[in-house]
Every structure is written in structure tokens, then in C-alpha cells.
Engineer: 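What follows is a structure written as C-alpha cells; I'll ask about it next.
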Amino acid sequence: MEDQLRSIVDRAHEAARTASDVAALAAVESSFLGKKGELTLLLRGLGALPKEERPAFGKLVNEAKVRLEELLADRSRDLESVALEAALGGDGFDPTEPGLEVSHGSLHPITQITRELVRVFEGLGFAAARGPEVEFEHFNFDALNIPASHPARDTQDTFWLSDGNLLRTHTSPVQVRAMERFGAPLRVIAPGRCFRNEAVDATHEHTFYQMEGLMIDRDISVANLIHVMKTCLREILGREVRIRLRPGFFPFVEPGFELDVHDPFGTGEDRWLELLPCGMVHPNVLRAGGLDPEEWTGFAFGLGLQRLVMIRYGITDIRDFTGGDLRFLEQFGRV
Ligand code: PHE
């Protein structure tokens with residue numbers, strides 16, 4: 001029986017070595033190791049041997065089986081790579097190479113901060129509104145207490161359309177639109193794009209983003225303004241911040257302020273940074289919105305969104321927002 005085993009092993013190995021493709025190899029496997037394969041049958045015929053010889057011979061057959069299985073696995077791998085090379089046709093195209101990664105893009109940091117602000121202010125009872133980017137002179141200027149003769153118009157030079165309308169210079173027109181539409185009491189924010197005739201540099205853009213905030217009720221005071229601004233900044237910057245108000249002039253607020261933030265980058269420096277203009281809504285503006293200034297008071301603020309993102313991430317050039325450089329944009333995470 002040992003001779004028989006040796007002969008089977010020799011033939012099996014020879015057949016495995018000379019099999020020319022994967023199918024031939026499978027046939028070899030089945031004829032030696034399959035249910036009716038020669039090695040299988042040999043093992044089954046073990047009973048014909050004297051009892052004391054069975055264990056030793058059984059071991060031999062099993063070892064032969066394992067070796068043959070290993071050889072078949074090796075050959076199978078070889079044949080597969082030969083088949084692959086043939087399929088490639090020698091033109092260098094390799095379908096097993098990882099492909100180009102599909103890029104999923106990310107939300108622009110201005111979009112991200114807008115969404116965050118909307119969430120924070122909705123928590124404070126504000127509704128988000130939108131106004132048109134092409135605006136009437138009335139809402140952009142006159143209703144905001146900026147008549148045609150007012151010098152404030154010079155600082156807000158913009159792009160005028162031939163029909164007398166203009167690209168809005170700020171989101172403040174939404175104040176009056178919201179008053180007209182919803183009346184008082186009112187809590188509204190209005191994020192959006194604004195335009196000015198600016199010489200572009202690291203801190204000025206002709207196209208920029210603001211978020212207007214307006215709260216009108218009975219007995220609204222500067223205390224309400226401070227509370228809302230502190231709450232907003234704590235949420236957005238992720239820490240408690242010190243703020244201060246300095247007098248600032250805008251025709252549509254009285255009194256008007258510049259709100260400064262202390263230690264703007266959270267690095268421990270003892271410095272104030274001007275963050276946003278705000279103030280108590282001017283009686284003329286309330287009137288323009290159809291509200292009685294004897295009955296209603298309110299505060300308003302105008303948050304520059306680029307500026308806020310720049311503070312949060314330490315960005316130094318405002319032009320990066322619209323520069324289209326993916327290396328810049330990708331830093332704000334995939335969404
Ligand atoms: N609209 C003003 C600007 O763009 C900012 C502002 C808004 C000031 C609300 C006060 C109150 O310059």
C-alpha cells in the first residue's frame with residue numbers, strides 16, 4: 001500500500017505542476033482529493049490493513065494530503081496571476097490598482113457658521129428670514145434713516161442697476177421688510193450676501209456676508225442686546241468672552257455701538273478686537289416699518305460672517321473665502 005501511496009503522490013504532484021489553467025487544477029484536486037479521489041479512497045481502504053499498521057499508514061496518507069493541498073493552493077495562486085497578466089494584455093492597465101478617491105466636498109465655512117448661528121438664534125426665539133440681494137433704494141437707505149443727501153451713503157457705495165435698484169450694501173434692509181411683514185413683537189435674524197464698491201485687500205471684499213439681528217418688543221434695552229450678544233458669542237467661540245460697547249455711528253440706530261471682544265483668539269492676550277456694530281433701533285426706522293416708537297423699542301446688530309470665521313480659525317486673508325482654493329476649503333471638514 002505504501003507503493004500505491006507513493007505512486008499516487010507522484011502522479012498528483014506531476015499533474016498539479018503541469019496543470020495549465022485554474023480549471024485543470026480543479027480537476028486535479030477532484031481526482032485526488034475529491035469524494036472519489038484516489039487519496040480519499042486510499043484512506044478509506046485503511047481498514048484492510050492489519051490493526052497495528054493502520055495508525056502509521058493513516059498518518060502518512062494524511063501528511064500526503066496536506067502537502068498536496070498546499071501545492072494546489074500555490075499553483076492556483078500562480079495560475080491566477082498568469083491569467084491576470086494575460087487579461088491585462090500588456091498595456092500597463094491594472095484593474096487591481098486602487099482607483100481615484102471620489103471627492104465628497106465640504107460645506108463652505110460661511111455656510112457652516114450661518115447654520116450654527118441660525119441654530120443658536122432659533123434657540124433664543126429668533127426666526128431666520130431672507131431678503132433680496134437686489135434691493136430697492138428705499139429699503140437699503142431711505143427707510144434706514146439714510147436720505148440721499150446723507151454722507152453715510154458714501155461709505156456704502158455699491159453697484160447700481162440701470163433701473164435705479166442696487167445690490168444691497170448690508171442686511172439691514174431686512175429689518176424694515178420684517179417689521180412691515182410681521183409687525184411687533186419681533187425677533188428675526190437675516191443672514192445673507194452683501195455688496196460694496198470696495199478696493200479688495202486682505203480685509204475688504206466687494207462681496208461679503210452679514211447676519212442681521214433684530215429684536216423688537218416693549219421695553220427692550222441695551223441690557224437685552226448685551227445678553228443676546230454674549231450668549232451668541234459663547235456658543236460660537238465655545239467659551240465665555242468679555243465684551244465692551246463703544247459709541248459708534250449708524251444712522252439707523254440711536255444710540256449706536258461698536259461691540260469689541262476681549263482676547264479674540266482665546267490665546268490669553270490682553271487686547272480688544274472690534275467685532276460688530278449694533279445699537280437701539282432709531283425711531284425713524286421703526287416708523288418706516290410701520291411701528292409706533294412710543295410703544296416699541298428694539299435693538300439691532302450686523303454681524304460680519306467672514307470676520308467671525310476669521311476670528312474663530314485665525315484666518316488672515318478675507319480673499320481666501322472666495323479664492324476657490326480647495327486646500328483652504330478642505331480644512332473645514334467634510335460634511
Ligand atoms: N448695517 C450696518 C453695516 O453694514 C451694520 C449695523 C447693523 C449697524 C445693525 C448697526 C445695527 O455697516
Side-chain angles (χ1 to χ4, degrees), residues 110 114 117 121 126 128-133 135-147 150-159 166-179 186-198 203-216 220-229 232-233 243-261 273-289 291 293 296-308 310 318:
I110 296 293
T114 305
L117 285 164
F121 277 93
F126 285 71
R130 260 194 297 189
E133 293 175 351
E135 187 53 282
F136 294 115
E137 185 179 1
H138 169 75
F139 287 115
N140 196 86
F141 291 125
D142 299 271
L144 291 171
N145 205 26
I146 316 176
H150 201 289
R153 288 218 180 184
D154 291 346
T155 61
Q156 299 208 5
D157 190 18
T158 184
F159 305 91
L166 50 88
L167 298 190
R168 66 174 177 189
T169 60
H170 47 182
T171 44
S172 299
V174 186
Q175 286 189 31
V176 183
R177 287 178 170 275
M179 286 181 223
L186 180 62
R187 286 183 218 183
V188 71
I189 50 168
R193 203 151 53 141
C194 308
F195 312 84
R196 283 188 205 178
N197 181 7
E198 291 274 6
T203 53
H204 297 89
E205 262 284 15
H206 50 69
T207 301
F208 55 98
Y209 291 80
Q210 282 190 345
M211 192 186 81
E212 196 78 6
L214 175 69
M215 179 170 184
I216 296 178
I220 293 292
S221 73
V222 177
N224 301 104
L225 167 65
I226 291 175
H227 174 75
V228 168
M229 290 336 303
C232 158
L233 292 174
I243 61 171
R244 74 176 181 192
L245 297 181
R246 282 180 296 116
F249 176 73
F250 300 90
F252 36 94
V253 285
E254 178 58 37
F257 309 106
E258 291 290 352
L259 186 147
D260 299 341
V261 185
L273 183 79
E274 183 174 311
L275 180 64
L276 67 101
C278 52
M280 304 307 292
V281 181
H282 195 286
N284 286 350
V285 178
L286 291 167
R287 267 184 221 109
L291 300 178
W296 303 102
T297 48
F299 68 76
F301 62 87
L303 191 54
L305 298 186
Q306 273 103 334
R307 193 165 174 79
L308 192 58
M310 287 169 86
I318 197 171

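Bear in mind the structure is a predicted one, so any value in this text is a computation, not a measurement. Just the heavy atoms: all of them, side chains too, but no hydrogens, waters or symmetry mates, feed the values below. We count ligands from 1, going down the list as the structure has it; atoms in each ligand are counted the same way.
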Engineer: Could you list which atoms of ligand 1 come closer than 4.0 Å to a heavy atom of A300?
Structural biologist: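 With A300 as reference, the close atoms of ligand 1 come out as 9 (C), 11 (C).
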Engineer: F301 vs F299 aromatic rings, parallel, tilted or perpendicular, using cut-offs 30° and 60°?
Structural biologist: parallel
Engineer: Which bit of F252 gets closer than 4.0 Å to ligand 1, counting heavy atoms only: side chain, backbone, both or neither?
Structural biologist: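 Answer for F252: side chain.
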Engineer: Taking the inter-plane angle between the rings of H170 and F141 on a 0 to 90° scale, is it parallel (under 30°), tilted (30 to 60°) or perpendicular (over 60°)?
Structural biologist: tilted
Engineer: Just checking H227: does its NE2 atom have more than 12 heavy atoms from other residues, nucleotides or ligands closer to it than 6.0 angstrom?
Structural biologist: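 Counting neighbours around NE2 of H227, 12 or fewer heavy atoms of other residues, nucleotides or ligands fall under 6.0 Å, so no.
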Engineer: Heavy-atom contacts with F250 under 4.0 Å: which atoms of ligand 1 show up? List them by number with element.
Structural biologist: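 Listed by number with element: 8 (C), 12 (O).
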Engineer: Ignoring angles and geometry beyond distance, decide whether H170 reaches within less than 3.5 Å of ligand 1 through its nitrogen or oxygen atoms.
Structural biologist: yes
Engineer: With atoms numbered from 1 as shown, which atoms in ligand 1 lie under 4.0 angstrom from a non-hydrogen atom of S172?
Structural biologist: 1 (N), 7 (C)
Engineer: Are any of the side-chain nitrogens in E212 or R177 under 4.0 Å away from the carboxylate oxygens of its partner?
Structural biologist: no
Engineer: Which residue and atom name correspond to the protein heavy atom nearest atom 7 (C) of ligand 1, and how close is it?
Structural biologist: G302 N, 3.4 Å
Engineer: Report yes or no: does C278 have a heavy atom closer than 4.0 Å to ligand 1?
Structural biologist: yes
Engineer: Using a 4.0 Å cutoff against the non-hydrogen atoms of Q210, which atoms of ligand 1 qualify?
Structural biologist: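 It comes down to these atoms of ligand 1: 3 (C), 4 (O).
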Engineer: Considering only heavy atoms of E212, which atoms of ligand 1 have at least one such atom less than 4.0 Å away?
Structural biologist: 7 (C), 9 (C)
Engineer: Does atom CZ of R130 have more than 12 heavy-atom neighbours from other groups under 6.0 Å away?
Structural biologist: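 No.
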Engineer: Determine, for R307 against E274, whether the closest basic-nitrogen to carboxylate-oxygen distance falls under 4.0 angstrom.
Structural biologist: no
Engineer: Heavy-atom contacts under 4.0 Å between R196 and ligand 1: side chain, backbone, both, or neither?
Structural biologist: side chain
Engineer: For atom 5 (C) of ligand 1, grab the closest protein heavy atom and report residue, atom and distance to one decimal in Å.
Structural biologist: P277 CG, 3.5 Å
Engineer: With respect to Q175, determine whether any N or O atom, backbone or side chain, lies less than 3.5 Å from an N or O atom of ligand 1.
Structural biologist: no
Engineer: Distance check, rounded to the nearest 0.5 Å: R196 atom CZ versus T155 atom OG1?
Structural biologist: 6.5 Å
Engineer: Spell out, as yes or no, whether a donor-acceptor pair under 3.5 Å connects the side chain of N145 to the backbone of P251.
Structural biologist: yes
